[in-house]
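In this chain, residues are counted from 1 in sequence order. We count ligands from 1, going down the list as the structure has it; atoms in each ligand are counted the same way. Side chains are part of it too, since the values below use all heavy atoms of this structure and drop only hydrogens, waters and symmetry mates. The structure presented is a predicted model; accordingly, all values stated were derived computationally and were not measured.
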Amino acid sequence: MDLQNARRRVDTLRGTIEGHNYRYYVLDEPSISDAEYDALMRELMEFEEQFPELLSMDSPTQRVGAAPAKGFQSVAHEMPMLSLDNAFNHTELVEFVERVRRLIPDEELFWVVEPKLDGLSVELVYERGILVQGSTRGDGRVGEDITSNLRTIRSVPLRLRSLKPVPERLIVRGEVIIGAEAFETLNRLRLEKGEAPFANPRNAAAGSLRQLDPQVTASRPLDIFLYDVSYPETLPAATQAELLPLLQKWGLKTNPLFRVCFSVAEIQEFYEQLVQNRETLGYEADGVVIKLSSFELRPRAGEKSRSPRWAIAYKFPPSEAVTTVRNIELNVGRTGVVTPVAVLEPVRVGGVTVSNASLHNEEELKRKDVRAGDRVVVRRAGDVIPEVVMVLQPEHGVERGEPYLPPESCPVCGTTLVRLGDEVYRRCPNPGCPARRKEAILHFAGRDALDIDGLGRKLVEQLVDKGLVHDPADLFSLTQEQLESLDLVGPKKARNLLESISASAFTSLARLLFGLGIPHVGHYLADVLQREARTLERLMAMSRDELEQIVGIGPEVAQSIAQFFASLENRDLIRRLESRGVHWEEPSEDQIPQGPGPLTDTRFVFTGTMKSMTRDEAARLVKALGAEVSSSVSKKTNYVVVGEKAGSKLTKAEALGVTTLSEEAFQTQLIMWQGE
Ligand code: IVH
């Protein structure tokens, strides 16, 4: 075939394939079999191989083209990506609607109400219909360029359908999510491979988009819904209600579920319907978003610095469910902290299945008096770890199990547990405890640390139990034979593991610092330390005072870092890592965008007396992760941390529906945030 005919056939094939993609991924109405589809793709690939001059980036064959990246570039958003104010109850909904009515008194207002998707917001830029850039929200002004990853999402069109003329330039925003069913499958597969399951679909989506290797992103079941554009006045749609179908005509996936409302009563009705049907949506939503539909009227309502006045998020109440405690187990963490965990009959709460709930610490457990066999209320609020709220009265005549007895010795290595100072936790003080070693090695191999592909929990457990690995440095002297001696590891898997171990040896200082598991140093602070110290030698030589000069590092964290590097054992570990070929690059200037912290845009209020730290200390810890701390509760507050003798702030938080955290829940949560 000559080039001209080939070009014609290639164009037809691309058009046909894109049409099928659109029907399958956007409309959810496939019209051919998988085999027929594969045949079309194969034919297109063959043509592109034979006529490389016909290849183009927007071809459906080019979704997973890019090689793994070293880091993400920063991109400034042409228009800031705003966030939304929250309403937590009917009164606040009424206040919002009234406020907009006062600002625009002479017009009849109508609203578009959409589910508020609990995923990651992203921006896509199309130029003359071709996808040229995709980015994360970041801090709203500057995000990260994740174009290669977004291209792998099948419901993101690489070029727009041109049935309607497409704009010169289109900036469109939406939410990347993982659907409920896809999430369950993903986690099941991870468990089978010995990998840690994701806590919830949002984390899974976030982790997948942050992959440096688009191949990995492509293997995750990501989906997208688009819901907003910059410069709507330039488009042939006058309202949000017209915009959504227009986006869909261009091939962009929109959520079919939305409602046009003319009154508060209609909004409230739709909201309540969704609260009732939350479980059946097929994806996680944490509220509804109410938007003034008319683009012409929006500027009259105006904007604040971070959020528009013409829209609001009306949040769902935190969700609770009743289930039975199967057992209370003890978990020994990387730092030796022993925490009781309630193992539950699996139950759906707020869209995810929960089978474990934190009991935080033994005092908390004693207070709630949870026992095996009890019926309990469990609660999940947003991203927060599920917790047991209370024990229900046993049915008449039913005997309860034995009260929980705190352990005197480590459930894993038998060492007598200790308490440091006035800590509420007991710790296993034995650094050689197999449970601690396993957690430390898993952490070191984890995604944000050295990212050793394929080294999951089951393998690490065997390696430690067989005495083949004692600490992270031992991973780098493992042999093919040793690996083959493990259960479920054949020659091929052993080879792959050795390869991924040696590939991981070439890393960055930030990943190494995070991987070492210095208490309080999550991957955000590890980035900060990398940026400030630039080399490990310099960091190790820094005094506590010098460390405290770094923005984001408070006295506790400074002490923790200094102490870590003062330990001979830790110094030895670093020396052995180096001598076995682990190598970390000095960061180059442009490689380290200062990203947002895990708590950026999150507002805390502390109230009452805390047992384990002062309120100032607690405030410094969350500020180090990007949070804001204020002294009074408003509906903009995300968390109120409640100590003993809390007064009016607690009452106000409850009235406003703001999430409250007990001191125990806060500590548990903090460890998670620090680890992000
Ligand atoms: S509209 C200026 N619509 O909620 C308004 N946002 O809290 C732009 N979100 O950053 C947002 N579902 O990530 C809009 N249907 C929806 C949404 C939605 C989820 C997220 C979005 C935004 C955040 C604000």
Side-chain angles (χ1 to χ4, degrees), residues 77-88 92 96 100 111-124 134-144 146 150 171-179 200-203 205-206 209 222-232 239-241 243-244 247-248 252-261 267 270-271 274 278 281-295 297-299 301-316 351 382-383 596 599-603 635-638 658-659:
H77 299 293
E78 195 175 305
M79 287 272 265
M81 288 178 80
L82 299 177
S83 64
L84 294 169
D85 277 353
N86 292 323
F88 290 101
E92 289 174 12
F96 163 73
V100 183
W111 310 90
V112 167
V113 186
E114 305 166 8
K116 182 169 188 298
L117 306 159
D118 199 6
L120 254 97
S121 47
V122 298
E123 177 173 279
L124 303 173
S135 54
T136 60
R137 173 173 184 275
D139 63 5
R141 287 167 207 284
V142 178
E144 288 178 323
I146 52 163
L150 287 169
I171 304 180
V172 55
R173 281 130 183 218
E175 204 84 354
V176 171
I177 57 167
I178 291 186
N200 55 48
R202 193 193 128 84
N203 283 9
L209 278 185
L222 295 169
D223 202 350
I224 196 168
F225 280 126
L226 295 147
Y227 48 63
D228 192 31
V229 292
S230 298
Y231 317 111
T239 61
Q240 178 77 4
L243 174 70
L244 294 172
L247 292 179
Q248 204 185 78
L252 296 159
K253 186 164 174 173
T254 56
N255 193 341
L257 184 63
F258 68 89
R259 179 158 154 188
V260 182
C261 293
I267 298 172
F270 185 60
Y271 169 84
L274 286 188
R278 216 173 145 179
L281 290 175
Y283 49 80
E284 280 216 55
D286 57 352
V288 296
V289 182
I290 300 150
K291 305 174 183 178
L292 182 62
S293 189
S294 161
F295 297 141
L297 296 181
R298 284 181 183 180
E303 269 163 22
K304 294 187 279 182
S305 67
R306 284 160 184 260
S307 55
R309 280 187 229 271
W310 44 262
I312 200 162
Y314 185 7
K315 300 294 279 280
F316 293 153
D383 269 352
L599 293 177
T600 298
D601 273 347
T602 310
R603 294 193 179 88
K635 52 184 191 296
K636 284 195 216 106
T637 311
N638 299 84
V658 176
T659 304

Regarding Arg202 and Glu284, does a basic nitrogen lie under 4.0 Å from an acidic carboxylate oxygen? no

Considering the options Ile171, Leu243, Leu252, which one meets the side chain to side chain contact (heavy atoms under 4.5 Å, CB included) requirement together with Val229?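 The single option meeting the side chain to side chain contact (heavy atoms under 4.5 Å, CB included) with Val229 is Leu243.
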
Answer with yes or no whether the side chains of Glu175 and Tyr283 bring together a donor and an acceptor at under 3.5 Å. no

Side-chain H-bond candidate by donor/acceptor type, Asp85 with Ser307, under 3.5 Å: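 Side-chain D/A pair, Asp85 to Ser307: present.
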
Can you find a non-hydrogen atom of Pro115 under 4.0 Å from ligand 1?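 Yes, that is the case, since the closest heavy atom of the residue is under 4.0 Å from the ligand.
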
4.0 Å heavy-atom contact, Pro308 with ligand 1: yes

Under 3.5 Å: N/O of [X] near N/O of ligand 1:
{"X": "Glu175", "result": "yes"}
{"X": "Leu117", "result": "yes"}
{"X": "Ser121", "result": "yes"}

I need the nearest protein heavy-atom contact for [atom]: residue, atom name and distance, please.
{"atom": "atom 11 (C) of ligand 1", "value": "Tyr227 CE1, 3.9 Å"}
{"atom": "atom 5 (C) of ligand 1", "value": "Leu84 CD2, 3.7 Å"}
{"atom": "atom 8 (C) of ligand 1", "value": "Asp228 OD2, 3.8 Å"}
{"atom": "atom 15 (N) of ligand 1", "value": "Glu114 OE1, 2.8 Å"}

Measuring from Ile146:CD1 to Glu123:CD, what's the distance to the nearest 0.5 Å?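 One finds 11.0 Å between CD1 of Ile146 and CD of Glu123.
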
Hey, could you give me the CD1/CG distance between Ile178 and Leu120, rounded to the nearest 0.5 Å?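 So the gap between those two atoms works out to 10.0 Å.
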
May I ask you to check whether Trp111 and Phe270 place their ring centers less than 6.0 Å from one another?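 Ring centres of Phe270 and Trp111 not closer than 6.0 Å.
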
In ligand 1, which numbered atoms sit nearer than 4.0 Å to a non-hydrogen atom of Lys291?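 Matching atoms, with element in brackets: 1 (S), 3 (N), 14 (C), 16 (C).
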
